[in-house]
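Remarks on the structure that follows.
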Amino acid sequence: MIATPSLADRLQKMRTQLRAGQQQLAAWQAGSLAVSAVPGAGKSTGMAVAAAIALAQRPQHDRRQLYLVTVTRSAALNLRQKVRETLQQLGLSAVGFTVQTLHSLSLQIASTAPDLSNLYWDQVSLVSDRRKAQMLRQAIDQWIEANPTLFQQLLRGTGFDGELAEQLRRSSVLRNEFLFELAKTLIPEIKSSGLSPADFADRLSPWPVLGDYPLLVIAQGLYEFYQVGLQQASLIDFDDMVLSAVRVLDNPQARRTWQSSILALFEDEAQDSSPLQMQLLERLAPVTTDQQLQLVRVGDPNQAINSTFTSADPLFFRQFCEQCDRRQQLVMFDQAGRSSPTIFRAANFVLQWVNRHWAHSDSLRPFREQAIQPVDAEDPQLNANPEPLGLGLELLQTETTIATVELLQQRLIDLYAANAETQAAILVRENRQAHYLRDRLTEPLAKAGIHLWEASDRDRNRRIPEEMLALLQFIERPHQPDRLRAALQVLVNRDRLPALPWEALPAPEIFLGDRLFWPDANPRLLPAQRLCQQLLKARSELPPEQLIPFLALTLHYDGSELATADQLADQLGRQAWSNLSLGQLLADLQNLLESDRLTSVETEDPGLALTRSGQVTILTMHRSKGLDWDCVFLPFLEASQIPGGRSPKQSEAFLGPQPWIAIARLQLRRALQAETGASVEPFTDLAAAVSEAQALREAEEYRLLYVAMTRAKRLLWMASAQQAPRNWTFPPSLIDQTPCPALAALYRQFPQHRC
């Protein structure tokens with residue numbers, strides 16, 4: 001009779017199947033630990049095994065829970081499943097742990113003590129993205145009314161002759177673009193620091209004003225009006241949810257209660273944490289007898305690609321790694337089995353080349369120096385470091401963007417002719433490039449039997465009700481400037497119109513009137529005028545129940561989207577159509593959007609996956625993080641895209657050439673970081689701030705390229721064109737371009753891989 005292996009034997013066998021870095025994580029017993037993991041290193045597997053071993057080794061009477069925290073729901077589901085499977089392999093019950101997103105954990109904490117969190121779910125609701133945008137615009141209007149002098153300062157800009165039409169244009173740009181972007185960017189930054197509007201106002205006095213505009217003072221005012229609006233509407237946002245949880249944990253008794261129920265905290269994707277989320281975890285983690293937090297943070301600072309549009313800041317995870325390194329509590333996951341060695345060599349070269357040729361401060365270098373290493377020969381991962389397809393790394397420089405697409409198309413056809421189950425993705429920098437490729441590749445690939453799927457298609461179904469609302473609101477009140485702009489933006493987003501010269505857009509009554517009264521019309525606005533006049537004509541010719549189907553056809557919805565629009569019209573028209581007015585249709589649609597009852601409006605294919613075999617998926621580089629494919633194609637790698645330029649919008653040129661919002665955000669981050677003990681000070685020199693803002697943006701762009709490159713397993717195809725669009729609003733307009741500097745370096749370093 002064969003003896004059943006003991007738990008100790010099973011644990012030892014599991015440890016021996018891990019890579020060196022994973023074994024160090026699995027050996028964690030107590031205290032703080034930082035794990036810096038290269039792409040494809042198996043950090044989820046390492047976390048799952050470490051969690052299972054920690055649970056297996058805890059005393060039998062210990063009822064504390066191990067908390068694993070990550071960013072997204074999908075990541076939480078994946079991690080939960082891996083921990084369960086690992087516990088089952090050990091012959092243990094899948095209990096004693098919980099996997100949550102940071103926001104769901106915050107909600108749980110805040111809900112347990114509403115008297116401390118001030119969060120009563122029977123009295124408040126979570127604000128939707130659409131309603132949040134409305135609240136921000138309302139705050140802007142209120143701020144302008146309360147601060148006419150500051151608004152006039154913005155209106156004057158760098159020079160103003162007092163002409164009425166220009167004043168109206170500038171006012172519209174400030175309301176709808178500049179101040180909205182300022183509020184959307186800076187308010188989450190302030191809230192993620194844990195500061196109330198009053199606290200933030202107190203901190204402002206010692207901070208110098210950079211340049212001509214007191215943007216932080218303006219942001220403080222917008223923040224105050226926004227918070228008042230949320231309170232009056234009984235709404236909260238995600239930052240409020242985390243703040244409420246922090247308030248609970250600021251209470252010593254509540255903190256001790258929570259800490260006593262937790263074995264340890266494991267955080268995934270730690271490079272994407274905000275300061276507020278860090279505060280939450282540091283308060284929640286139990287403390288050891290030597291005053292260390294029971295906190296394991298796993299991430300990769302080289303894959304931090306969210307800091308330019310969220311409140312995440314990789315600085316804090318880097319600092320945590322440095323602190324742990326000084327205590328010999330830093331673990332490196334540097335072996336990865338995802339890709340062929342050729343692809344890893346290319347990614348490692350880009351990392352080292354960018355750092356070596358970095359023209360800014362060393363403290364702002366994009367990458368932490370850590371090279372990706374192949375796994376050992378006895379590694380248990382199936383097909384680890386797979387054989388390359390073709391050259392494995394294929395580098396191209398074409399004459400034009402059109403030639404790039406033609407070569408990309410032929411390479412895909414050849415790959416799928418050899419293996420119809422090939423798994424491929426085309427990763428682009430922005431959505432307009434994805435639309436451009438979709439329009440040019442769908443038909444020729446379909447003729448070759450290859451299915452092409454643009455990842456934004458699913459998201460577009462979710463936007464259908466909002467698009468219908470914007471167009472219906474315009475039809476109802478066409479002479480309101482905000483409604484006209486919103487409708488035009490929908491038409492541009494849906495490629496029914498090219499990008500518009502917003503600064504040349506006249507008042508609605510002129511734009512929608514007879515062209516005889518618009519003698520100096522910008523020719524680029526004439527197609528927009530004709531299309532808007534057609535929409536208004538439909539109002540007089542069609543009954544309300546037919547407007548949504550008409551608008552869906554006007555936007556050139558595809559079959560799935562038309563079905564979604566029909567479902568939406570049916571949901572709104574369950575009462576007798578004969579009693580339906582345009583006003584009632586709008587009211588019902590607004591109520592539907594403000595509720596949580598939109599799932600029946602969406603058409604989702606649950607079997608559709610971004611990484612499905614036999615499919616070519618087009619998606620942005622940002623969305624590719626955490627995924628991988630056999631073949632990855634990176635077209636359009638011109639220097640204008642990565643690292644890109646920093647020119648301000650043409651419509652905002654009257655404010656000056658500086659990237660004001662980026663500067664204000666940088667000044668805010670500097671000041672807030674200084675308060676946490678970081679060795680930084682607020683800027684006093686505008687030129688230095690402009691330089692650092694540019695450096696931070698370029699650093700993130702290079703990290704984005706690194707992430708995109710490391711998605712490939714067997715073939716990485718990279719291309720730039722000598723002539724490419726100036727910007728992707730008008731793809732046919734080609735100008736001379738240079739390749740991304742990192743790609744140019746790859747051309748020189750790997751001449752044998754040039755095609």
Side-chain angles (χ1 to χ4, degrees), residues 1-30 33 35 37-101 262-270 294-300 331-338 374-386 609 611 626-628 713:
M1 183 175 178
I2 300 175
T4 302
S6 67
L7 177 59
D9 291 337
R10 294 195 296 271
L11 287 172
Q12 182 58 31
K13 181 180 179 180
M14 182 169 286
R15 289 190 184 98
T16 60
Q17 294 175 339
L18 298 174
R19 297 167 188 156
Q22 293 172 328
Q23 288 180 5
Q24 289 179 274
L25 174 56
W28 174 85
Q29 296 286 329
L33 186 70
V35 179
V38 300
K43 63 182 177 63
S44 295
T45 298
M47 286 184 69
V49 172
I53 290 176
L55 290 170
Q57 293 180 331
R58 67 176 180 169
Q60 193 169 11
H61 64 275
D62 194 343
R63 292 294 177 263
R64 291 176 297 170
Q65 294 275 306
L66 179 66
Y67 275 69
L68 296 97
V69 185
T70 188
V71 178
T72 64
R73 293 179 184 175
S74 58
L77 289 171
N78 179 55
L79 189 54
R80 182 182 298 117
Q81 184 61 28
K82 286 191 173 185
V83 177
R84 284 176 176 167
E85 291 173 353
T86 307
L87 286 169
Q88 289 168 0
Q89 291 172 19
L90 292 171
L92 301 174
S93 300
V95 295
F97 73 99
T98 179
V99 184
Q100 298 190 50
T101 65
I262 296 174
L263 180 65
L265 277 176
F266 283 23
E267 181 193 11
D268 192 16
E269 302 292 355
Q294 290 279 79
L295 179 60
V296 176
R297 306 187 70 204
V298 183
D300 181 4
V331 172
M332 298 291 297
F333 281 19
D334 58 1
Q335 290 183 302
R338 170 187 291 163
V375 301
D376 299 330
E378 64 274 12
D379 192 271
Q381 178 180 335
L382 295 176
N383 199 27
N385 302 130
T611 57
L627 306 173
D628 53 54
K713 292 190 283 189

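The structure displayed is predicted, hence computed values, not measured ones. Residue indices begin at 1 and follow the sequence shown.
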Exercise for the section: First locate atom CH2 of Trp28, then atom CD of Gln57, and finally report the distance between them rounded to the nearest 0.5 Å. Expected result: 10.0 Å

Handout entry: Inter- and intrachain pairs under salt bridge (charged side-chain N to carboxylate O under 4.0 Å, His left out), touching residues 37-49, at least two apart
Key = Lys43-Asp268, Lys43-Glu269

Practice task
Considering non-hydrogen atoms only, spot the tightest contact between Phe333 and Gln22 and give its length.
Solution key: CE1-N, 3.4 Å

Exercise for the section: Identify the two heavy atoms, one from Ala94 and one from Leu87, that lie closest to each other, and give their separation to 0.1 Å. Expected result: CA-CD1, 3.7 Å

Practice task
Sequence neighbours left out, what passes side-chain hydrogen bond (donor to acceptor under 3.5 Å, both in side chains) with Glu85? Give chain and number order.
Solution key: Gln81

Problem - With sequence neighbours excluded, residues passing side-chain hydrogen bond (donor to acceptor under 3.5 Å, both in side chains) with Gln89 - result: none

Exercise for the section: For residues Pro386 and Gly337, report the shortest heavy-atom separation together with the two atoms involved. Expected result: CD-O, 3.9 Å

Handout entry: Results of side chain to side chain contact (heavy atoms under 4.5 Å, CB included) for Ala48 - residues two or more places apart only
Key = Lys82, Val83, Thr86

Exercise for the section: Report the C-alpha distance between Leu18 and Gln23 in whole Å, list the side-chain angles of each, state the deciding distance to 0.1 Å, and finish with yes or no for side chain to side chain contact (heavy atoms under 4.5 Å, CB included). Expected result: CA-CA 6 Å; Leu18 298 174; Gln23 288 180 5; 3.7 Å; yes

Handout entry: For the student: nearest non-hydrogen atoms of Leu263 and Ala54, plus distance
Key = CD2-O, 4.2 Å

Handout entry: Over all atoms of both residues, closest heavy-atom pair of Ala76 and Val99
Key = O-CG1, 3.4 Å

Practice task
Please identify each residue that fulfils salt bridge (Lys or Arg N to Asp or Glu O under 4.0 Å) with Asp334, with sequence neighbours left out.
Solution key: none

Practice task
Identify the two heavy atoms, one from Ser44 and one from Leu79, that lie closest to each other, and give their separation to 0.1 Å.
Solution key: O-CD1, 3.9 Å

Handout entry: Donor-acceptor under 3.5 Å (Arg80 side chain, Leu68 main chain)
Key = no

Exercise for the section: For the pair Asn383 (side chain) and Arg338 (backbone), establish whether a donor and an acceptor sit closer than 3.5 Å, ignoring hydrogens and angles. Expected result: no

Exercise for the section: Find out whether Leu55 and Phe97 are in side-chain contact, i.e. whether some heavy atom of one side chain is under 4.5 Å from a heavy atom of the other. Expected result: yes

Problem - Pairwise distance CG(Leu265) to CG(Leu66) - rounded to 0.5 angstrom - result: 8.0 Å

Exercise for the section: Evaluate the criterion side chain to side chain contact (heavy atoms under 4.5 Å, CB included) for residue pair Arg64 and Ile262; output intermediate values, then yes/no. Expected result: CA-CA 5 Å; Arg64 291 176 297 170; Ile262 296 174; 5.9 Å; no

Exercise for the section: Measure the shortest side-chain to side-chain distance between Leu33 and Leu25 over non-hydrogen atoms and say whether it is less than 4.5 angstrom. Expected result: yes

Practice task
Taking the side chain as every heavy atom from C-beta outward, state whether Asp628 and Lys713 have any atom pair closer than 4.5 Å.
Solution key: yes

Completion exercise
Quick note, salt bridge (charged side-chain N to carboxylate O under 4.0 Å, His left out) partners involving residues 8-27, not counting sequence neighbours, are Arg19-Asp379

Problem - CD-CD distance between Gln381 and Gln17, expressed to the nearest 0.5 angstrom - result: 13.0 Å

Exercise for the section: Output yes when a side-chain donor or acceptor of Asp376 lies under 3.5 Å from a complementary backbone atom of Glu378, and no otherwise. Expected result: no

Handout entry: Side chains of Val71 and Thr101 in contact at under 4.5 Å (non-hydrogen atoms)
Key = no

Exercise for the section: Would you give the length of the straight line joining atom CG of Leu7 to atom CE of Met14, rounded to the nearest 0.5 angstrom? Expected result: 9.5 Å

